[in-house]
Amino acid sequence: MAEKILISSESVTEGHPDKLADQISDGVLDAILEHDQMARVACETLVSTGSIIVAGEITTSAYVDIPGVARKVVLDVGYDRAKYGFDGETCSVFTQIDEQSADIALGVDKALEVRESEMDDNQIDKIGAGDQGMMIGYATNETPEYLPMPFALAHRLSRQLTAVRKNGILKCLRPDGKTQVTLEYVDGKAVAADTIVVSTQHSPLVSLDDLRDLIVKNVIDPVMPKELMRSPRILVNPTGRFVKGGPMADTGLTGRKIIVDTYGGMVPHGGGAFSGKDPTKVDRSGAYMARYAAKNVVAAGLADRCQIQVAYAIGVARPVSICVDTFGTGSMSDEKITELVRAHFDFRPAAIIRDLDLRRPQYRRLAAYGHMGRIDLDPLPAWERLDRVQALLS
């Protein structure tokens, strides 16, 4: 008896208020790293009607014009007119910045392994994890992005929604928007699109019927695989009008779209957000390394699906656990794959920073449309490389 299930995933555009906040936080991080690669940054942003608040703990030798960074992000996204509900030229920007806690810095600057030993010549062991917690890495071979198909398609729709707005094909669109894809799976394989949802902020001059036709023709049809489009239910702005959007309609906060940032609804999440955090924060760097390892495991043909959980203790360099789950799709035992992952991927924070080149500015470009599977970006994020495949097979 074939097993049929429905699996859904969503994405949001760069004009969504929460994603706007993420991009400002990562914009500040990039601006700091450009001048001070060793900076410690934990930057949070709140956006609301006519205002931006940037707060956090930052220790750096660099000077950064934080209001200028925030305004540039807002204008780049497309909020440049008051009638859109937000204007980067005229909005207020408030900052509240302190230095990183000395207690946290103690464990990051010198890891427990160094503090407990006189052997302090190992530079890789000198940086401890910036916090405790669990991070998840995942990969599947069902899409070119090595992402779950509903999630990959939702992201593609969001990027297309923004592209047709920015290139002038659909001048009636505004920056805020969301997409959602529900696929029918039979025995673990996607066979048909069940429901496609696109909600987009728009000009008050366009009718809902016209908007629906434009979205189907210019957003959905170019993106969705034809073999999945049997007779899906298509919902465009199902509530009706979506004229009021962005921060004027909904407060945005850094770190509220962590599932959109990672793998969609099919995969668990350790709980830590990425944006605004320097790479000593393992919420970010540990998750990138876990993705790197999982993707190479799948690309090597060792499994069709691979999930890696890594856990840290604050101030300790070596992870307290690494757990691999291939959901019964592995060509060998999960225990053996775990041994290979441990042998070929170094999960200590300093090693991750070194191997993935995480001290360079690169984060704002990841703050919308996901941090994983970004094969659309050039240069490719280091954790999306497939350069450990041969090592895993040797």
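Hydrogens, waters and symmetry mates are skipped; everything else that's a heavy atom, side chains included, is used.
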CD/Glu227: more than 12 non-hydrogen atoms of other groups inside 6.0 Å: yes
Roughly how far apart are Tyr288 OH and Asp283 CG, rounded to 0.5 Å? 11.0 Å
Using the rule that two of Ile, Leu, Val, Met, Phe, Trp, Tyr join whenever any of their side-chain heavy atoms come within less than 4.5 Å, decide whether Ile234 and Ile215 are in one cluster. yes
Are Ile52 and Ser92 side-chain neighbours, meaning at least one heavy-atom pair lies under 4.5 Å? no
Please work out which of the three classes, parallel, tilted or perpendicular, describes the rings of Tyr263 and Tyr138, given edges at 30° and 60°. perpendicular
Assess whether side-chain contact (heavy atoms from CB on, under 4.5 Å) is satisfied between Tyr185 and Leu183, documenting all intermediate values. CA-CA 6 Å; Tyr185 276 74; Leu183 299 184; 3.9 Å; yes
Following the transitive rule for hydrophobic clusters with a side-chain heavy-atom cut-off under 4.5 Å over Ile, Leu, Val, Met, Phe, Trp and Tyr, establish whether Leu6 and Leu235 coincide in one cluster. no
Keeping the roles fixed (side chain from Asp30, backbone from Arg365), state whether a donor-acceptor pair exists under 3.5 Å. no
Under 3.5 Å side-chain donor-acceptor pair for Thr182 and Ser8: yes
Is a salt bridge present between Arg305 and Glu142, judged by a nitrogen-to-oxygen distance below 4.0 Å? no
Using the ring of each side chain (for Trp, its six-membered ring), is Phe345 parallel, tilted or perpendicular to Tyr292, with breaks at 30° and 60°? perpendicular
Is the number of heavy atoms from other residues, nucleotides or ligands under 6.0 Å of Met134 CE greater than 12? no
Do Arg364 and Asp26 meet the salt-bridge criterion of a basic N to acidic O distance under 4.0 Å? no
Between Lys4 and Asp194 (salt bridge meaning N to carboxylate O under 4.0 Å), is one present in this structure? no
What I want to find out is whether Arg348 reaches Asp346 closely enough, with some N-O distance under 4.0 Å, to be called a salt bridge. yes
Quick one: does any side-chain atom of Ser285 pair with a main-chain N or O of Pro279 as donor and acceptor, under 3.5 Å? yes
Test the Arg284-Tyr363 pair against the cation-pi criterion, namely NZ or CZ under 6.0 angstrom from the six-membered ring centroid and within 45° of the ring axis. yes
So does Leu33 get a backbone contact from the side chain of Gln37, meaning a donor-acceptor N/O pair under 3.5 Å? no
When you compare the side chains of Tyr369 and Thr162, does any donor N or O come within less than 3.5 Å of an acceptor on the partner? yes
Side chain to side chain donor-acceptor pair (under 3.5 Å) for Ser207 and Asp209? Distances and angles first, verdict last. CA-CA 5 Å; Ser207 71; Asp209 287 340; 5.6 Å; no
Treating Arg165 as the side-chain partner and Leu161 as the backbone partner, does any N or O pair qualify as donor plus acceptor under 3.5 Å? no
Check: Asp87 side chain, Glu89 main-chain N or O, donor-acceptor pair, under 3.5 Å: yes
Where the side chain of Gln180 meets the backbone of Thr195, is there a donor-acceptor pair that is under 3.5 Å apart? no
Evaluate Thr254 against Ile24 for side-chain contact (heavy atoms from CB on, under 4.5 Å), listing each step before the verdict. CA-CA 9 Å; Thr254 300; Ile24 292 170; over 6 Å; no
For the pair Glu384 and Arg291, evaluate salt bridge (charged side-chain N to carboxylate O under 4.0 Å, His left out) and give the outcome as yes or no after the intermediate values. CA-CA 8 Å; Glu384 296 299 321; Arg291 162 65 176 182; 2.8 Å; yes
Arg230 side chain to Val191 main-chain N or O, any donor-acceptor pair under 3.5 Å? yes
Please report the closest heavy-atom contact between Val41 and Asp278, naming both atoms and the distance. N-OD2, 2.8 Å
Lys/Arg N to Asp/Glu carboxylate O, Lys72 vs Asp76, below 4.0 Å: yes
Ignoring hydrogens and geometry, is there a side-chain-to-backbone donor-acceptor pair from Asp98 to Glu57 under 3.5 Å? no
Are the side chains of Thr329 and Thr140 in touch, meaning some heavy atoms are under 4.5 Å apart? no
Could you go step by step and tell me if Val341 and Val297 meet the side-chain contact (heavy atoms from CB on, under 4.5 Å) rule? CA-CA 8 Å; Val341 167; Val297 165; 4.0 Å; yes
4.5 Å side-chain heavy-atom contact, Gln307 and Ile136: yes
Which pairs would a plain distance check flag for residues 240-251, meaning a side-chain donor or acceptor within less than 3.5 Å of a matching protein atom at least two apart in sequence or in another chain?
none

Do Ser275 and Ser25 meet the criterion of a side-chain donor-acceptor pair at a distance under 3.5 Å? no
Kindly indicate, with the supporting measurements, whether the criterion side-chain contact (heavy atoms from CB on, under 4.5 Å) is fulfilled by Phe151 and Glu145. CA-CA 10 Å; Phe151 187 55; Glu145 297 94 332; over 6 Å; no
Under the 3.5 angstrom rule, does the side chain of His155 hit a backbone N or O of Val260 as a donor-acceptor pair? yes
Quick one: does any side-chain atom of Asp210 pair with a main-chain N or O of Val206 as donor and acceptor, under 3.5 Å? no
Identify whether the distance between the nearest side-chain nitrogen and carboxylate oxygen of Lys277 and Glu44 falls below 4.0 Å. no
